[in-house]
Amino acid sequence: MKQDSVRSASYTVDCADYIHVVEFNPFESGEEGSLIAFGGNNYVSIASCRFQEDDASVSGIEFKTLKTFNQGIRADAIAWSPDTNYDSLTPLLRFCTAASDKNLRIFTSDLQDKNEFKVFDGHTSYINDVVFCSHDGNTFASVSDDHTCRMWNIGKGQTAMFMLRSPGMSVAWHPEESSKAILSLESVQVPLMSADWCLKNPFRVGAVAGNDWIIWEMPRSSYPQNNKPVHADRARLFRWSRCSENLFATTGYPGKKNTQLLIHHLKHPQPILIGSVPVGSGLSWHRSLPLCVVGGNHKLYFWFTEM
């Protein structure tokens with residue numbers, strides 16, 4: 001593979017509002033295709049999507065909005081619960097949002113009469129990320145500008161709080177690792193804006209800081225084994241592909257006329273795909289395909305790449 005020039009999105013979907021956050025469901029939930037959540041200025045929508053790369057009966061993309069939840073405030077992060085089940089008999093949607101009012105909300109729906117949410121308060125500043133435990137749909141964690149990582153239980157509320165030395169930007173839960181502190185990773189570049197734990201290789205962690213992406217290989221060293229400057233306008237998000245331990249994506253900082261998306265492969269010296277989104281925001285990978293999505297101005301943008 002050679003480095004591409006700027007490539008248009010493989011697929012786009014029109015939306016009613018500017019999209020601030022977007023997240024594919026990372027769990028197997030019984031559905032044909034994939035579930036995706038995306039948030040506008042005061043709502044979160046859930047949709048199902050299928051792609052021709054995964055289903056020969058589909059031409060391009062098949063996209064269907066299932067439910068829209070009006071939470072009255074902007075969502076800045078979304079996490080899917082592993083309890084989500086989208087089959088024809090007993091559908092259950094469950095996800096968490098981190099909103100600009102410093103609160104977390106758990107939404108639960110059967111796509112019919114049951115549509116409810118529960119508010120979790122405690123953070124004293126902006127919440128940057130939230131994630132569910134991969135094995136337990138009752139347990140989730142969040143990080144905030146208030147220098148804390150907090151653990152929550154749907155029934156009990158906050159169950160633990162860890163003090164951080166700086167604002168918490170990202171939180172991840174690996175299905176192969178228990179929740180105990182094993183290693184602290186150090187970065188020369190600061191501040192770290194986003195980090196992710198590789199699903200296919202639990203010893204590999206990636207992040208972005210300044211203009212660079214950064215990779216650690218645990219437990220070889222607490223310092224990065226690899227880093228490279230890639231974004232002239234500062235890097236904002238880092239996400240590992242869920243189907244390859246060598247494939248990851250980064251985005252430049254939103255708020256300018258265009259936001260740059262770069263897809264990287266650790267065995268290639270240059271990005272294997274360069275995309276551009278008008279004022280993009282959010283970044284997520286499909287559960288089983290080398291396909292990622294970025295939100296933008298009244299659109300979702302999907303890029304399919306090679307492994």
Side-chain angles (χ1 to χ4, degrees), residues 20-27 29 35 37 39 44 71 73-84 93-108 117-185 187 191-199 202-208 216 218 237-240 242 282-285 287:
H20 295 275
V21 61
V22 58
E23 198 69 42
F24 274 116
N25 179 17
F27 304 108
S29 302
L35 294 176
V44 174
Q71 68 172 9
I73 195 167
R74 186 185 74 239
D76 296 304
I78 298 174
W80 283 94
S81 166
D83 288 345
T84 293
L93 296 181
R94 180 168 290 154
F95 60 93
C96 181
T97 65
S100 53
D101 61 357
K102 309 171 190 173
N103 290 331
L104 299 159
R105 290 171 175 81
I106 297 287
F107 289 84
T108 303
F117 70 90
K118 184 176 181 180
V119 178
F120 295 80
D121 59 11
H123 279 297
T124 58
S125 190
Y126 186 85
I127 303 169
N128 292 306
D129 203 8
V130 60
V131 66
F132 269 92
C133 172
S134 305
H135 305 297
D136 177 7
N138 287 314
T139 303
F140 57 106
S142 57
V143 288
S144 164
D145 282 351
D146 64 12
H147 292 218
T148 67
C149 173
R150 301 178 190 234
M151 304 287 293
W152 310 83
N153 179 279
I154 289 180
K156 300 175 182 177
Q158 183 176 309
T159 58
M161 181 175 71
F162 307 99
M163 297 303 300
L164 308 174
R165 291 181 293 175
S166 58
M169 300 303 295
S170 296
V171 59
W173 213 307
H174 202 286
E176 297 179 22
E177 297 293 329
S178 59
S179 56
K180 61 181 181 180
I182 56 173
L183 186 64
S184 176
L185 303 177
S187 172
L192 290 176
M193 296 306 299
S194 173
D196 197 22
W197 204 344
C198 183
L199 179 65
F203 299 106
R204 189 169 279 173
V205 171
V208 287
W216 292 265
M218 303 182 292
L237 294 174
F238 182 108
R239 295 289 185 272
W240 287 106
R242 296 186 176 115
L283 173 64
S284 183
W285 284 92
R287 179 173 56 83

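All residue numbers refer to positions in the sequence shown, counting from 1.
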Residue from N128, D146, D145 passing side chain to side chain donor-acceptor pair (under 3.5 Å) with H123: D146
Heavy-atom side-chain proximity of P175 to H135 below 4.5 angstrom: yes
Distance-minimising heavy-atom pair for V119 and F117: CG2-CE1, 3.7 Å
S81 side chain vs F95 backbone, donor-acceptor pair below 3.5 Å: no
L237 CG to S170 OG distance, which is reported to the nearest 0.5 Å: 8.0 Å
Residue pair S142 / L104: nearest heavy atoms and the distance that separates them: OG-CD1, 3.7 Å
T159 (side chain) donor-acceptor with N153 (main chain) under 3.5 angstrom: no
Interatomic distance, D121 atom CG to K102 atom NZ [nearest 0.5 angstrom]: 11.5 Å
Which residues share a side-chain contact (heavy atoms from CB on, under 4.5 Å) with I106, sequence neighbours left out: R94, C96, T108, F120, F132, F140, I154
Heavy-atom donor-acceptor pair, S284 side chain to F24 backbone, under 3.5 Å: yes
Side-chain heavy atoms of L35 within contact of L93, under 4.5 Å: yes
Test side-chain contact (heavy atoms from CB on, under 4.5 Å) applied to D101 - qualifying residues, sequence neighbours left out: I73, A99, N103, R105
Closest non-hydrogen atom pair between P202 and W197, with its separation: O-NE1, 2.8 Å
Contact check, side chains of T97 and F107, non-hydrogen atoms, under 4.5 Å: yes
Check: F238 and M193 side chains under 4.5 Å, non-hydrogen atoms: no
Closest approach of G137 to D83 (non-hydrogen atoms, all atoms of both residues): CA-OD2, 3.4 Å
R165 CZ to S184 OG distance, which is reported to the nearest 0.5 Å: 6.0 Å
Nearest non-hydrogen partners of L199 and R242, listed with the distance: CD2-O, 3.8 Å
Heavy-atom pair with the smallest gap, counting every atom of H174 and C198: NE2-O, 2.8 Å
Pairwise side-chain contact, W173 with T139, heavy-atom cut-off 4.5 Å (strictly under): yes
Contact check, side chains of S187 and W216, non-hydrogen atoms, under 4.5 Å: yes
The single option from I78, V143, D76 passing side chain to side chain contact (heavy atoms under 4.5 Å, CB included) against D129: V143
S125 side chain reached by H147 side chain, heavy atoms, under 4.5 Å: no
Sub-4.5 Å side-chain heavy-atom contact between M218 and L185: yes
Under 3.5 Å: donor-acceptor pair, side chain of W80, backbone of E23: yes
